[in-house]
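Below: the structure, in structure tokens.
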Amino acid sequence: MRIVLLLSLLFASVSAFVTGGSAFVGRSLTASQPSSSSAAPSQLQMISHRHGFNKLGKPADQRKALLRALTTEVIRHGRIKTTLIRAKTVRKHVDHMIELGKRGDLHARRQAMGWIYDKQLVHALFENAPDRYAGTSGGYTRVLRTVARRGDNAKMAILELV
């Protein structure tokens, strides 16, 4: 008897919030196509909460040292072979260093010196990046998947400069 009474109260309280044929009374989130003559409408921006970054199974100091070393080697050799997760993570830092090289001012040079281990490599990057990537505004690296590593079957990839 108590269960029937509890269920009837539950349904009565839920039905109090439903008005008309639809339970939703707010504004819909459908995106409309902007026309060329009118101003573009505001677009829905979703926030990705609790989506951090790849920790690579290392403490913060070791992770930073690994990313700095991989960034330095990609810029030095143009191509490295590493695990897929590391390649995807270091791609962001390599693109940032190339953006600094394209910018070319003193502050950008000092920022690159603080991240890349080799001073001569920074000078070479700042000499060659503006010419090599003049027409490109991003996407300076490419991740190519390769066969899995023997032993632990880790997904491997080649990270190369475009």
Side-chain angles (χ1 to χ4, degrees), residues 23-162:
F24 181 71
V25 293
R27 202 173 80 206
S28 66
L29 297 176
T30 57
S32 61
Q33 294 292 331
S35 61
S36 60
S37 62
S38 66
S42 63
Q43 295 188 4
L44 178 66
Q45 296 291 325
M46 299 299 289
I47 299 172
S48 59
H49 293 290
R50 308 220 22 184
H51 289 268
F53 52 90
N54 287 325
K55 295 188 179 177
L56 304 174
K58 300 193 177 306
D61 58 339
Q62 294 176 16
R63 184 172 53 247
K64 183 177 178 182
L66 174 71
L67 292 174
R68 287 179 66 188
L70 288 174
T71 303
T72 302
E73 294 307 311
V74 167
I75 293 172
R76 176 178 289 133
H77 298 292
R79 157 187 293 217
I80 60 168
K81 185 176 180 182
T82 184
T83 62
L84 181 64
I85 299 299
R86 287 180 183 180
K88 287 181 176 181
T89 305
V90 79
R91 176 175 52 184
K92 174 180 123 176
H93 298 285
V94 174
D95 285 351
H96 181 62
M97 291 301 118
I98 293 175
E99 284 290 334
L100 292 176
K102 281 176 62 176
R103 213 170 71 199
D105 58 349
L106 181 62
H107 182 59
R109 188 177 294 264
R110 286 181 175 163
Q111 283 181 319
M113 290 264 196
W115 187 259
I116 297 175
Y117 284 124
D118 191 1
K119 186 176 181 179
Q120 282 74 31
L121 188 63
V122 173
H123 293 310
L125 174 68
F126 275 70
E127 289 173 9
N128 298 329
D131 300 331
R132 183 173 177 180
Y133 300 107
T136 311
S137 63
Y140 307 113
T141 55
R142 177 184 301 132
V143 176
L144 303 171
R145 294 172 187 240
T146 61
V147 296
R149 183 166 56 196
R150 281 186 70 195
D152 62 351
N153 203 27
K155 295 179 182 176
M156 298 298 287
I158 295 174
L159 178 67
E160 65 182 5
L161 294 175
V162 177

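Numbers here are sequence positions counted from 1.
- Summarising the geometry of Ala134 relative to Pro130, their closest heavy-atom pair is CB-O, 3.1 Å, with the distance given to 0.1 Å.
- Nearest heavy atom pair, residue Val162 against residue Gly139, reads CG2-O, 3.9 Å.
- Applying the side chain to side chain donor-acceptor pair (under 3.5 Å) test to residues at least two apart or on different chains, the pairs with a partner in residues 46-61 are Asn54-Thr89.
- Rounded to the nearest 0.5 Å, atoms CZ (Arg132) and OH (Tyr140) are 11.5 Å apart.
- Applying the side-chain contact (heavy atoms from CB on, under 4.5 Å) test to Lys92 and every residue at least two apart in sequence or in another chain returns nothing.
- Residues Val143 and Ala157 come closest through the heavy atom pair CG1-CB, 3.8 Å.
- Under the side-chain contact (heavy atoms from CB on, under 4.5 Å) criterion, Asn153 pairs with Ala148, sequence neighbours left out.
- The CD atom of Gln111 lies 10.5 Å from the CG atom of Leu106; values are rounded to the nearest 0.5 Å.
- For Arg145, there are no salt bridge (Lys or Arg N to Asp or Glu O under 4.0 Å) partners at least two apart in sequence or on another chain.
- Atom-to-atom distance recorded for Ile80:CD1 and Leu70:CG is 4.5 Å, nearest 0.5 angstrom.
- When the side-chain contact (heavy atoms from CB on, under 4.5 Å) test is applied to His96, the partners found at least two apart in sequence or on another chain are Leu100.
- The CE atom of Met113 sits 10.0 Å away from the CG atom of Leu121 when rounded to the nearest 0.5 Å.
- Contact annotation: the side chain of Thr136 never approaches that of Ile98 to less than 4.5 Å [non-hydrogen atoms, C-beta and beyond].
- Contact of the His123 side chain with the Arg109 side chain is registered, since non-hydrogen atoms from C-beta on lie closer than 4.5 Å.
- With hydrogens and angles disregarded, no donor-acceptor distance shorter than 3.5 Å links the side chain of Thr71 to the backbone of His93.
- Rounding to the nearest 0.5 Å places CG of Leu84 at 11.5 Å from CZ of Arg149.
- Within the structure, salt bridge (Lys or Arg N to Asp or Glu O under 4.0 Å) contacts touching residues 79-91 (residues at least two apart or in different chains) are Arg79-Glu160.
- Nearest heavy-atom pair, Asp118 versus Arg76, reported as atom, atom and distance to 0.1 Å: OD2-NH2, 2.9 Å.
- To the nearest 0.5 angstrom, Asp95 atom CG is 9.0 Å from Tyr133 atom OH.
- Minimum heavy-atom separation, Ala112 to Phe126: CB-CE1, 3.6 Å.
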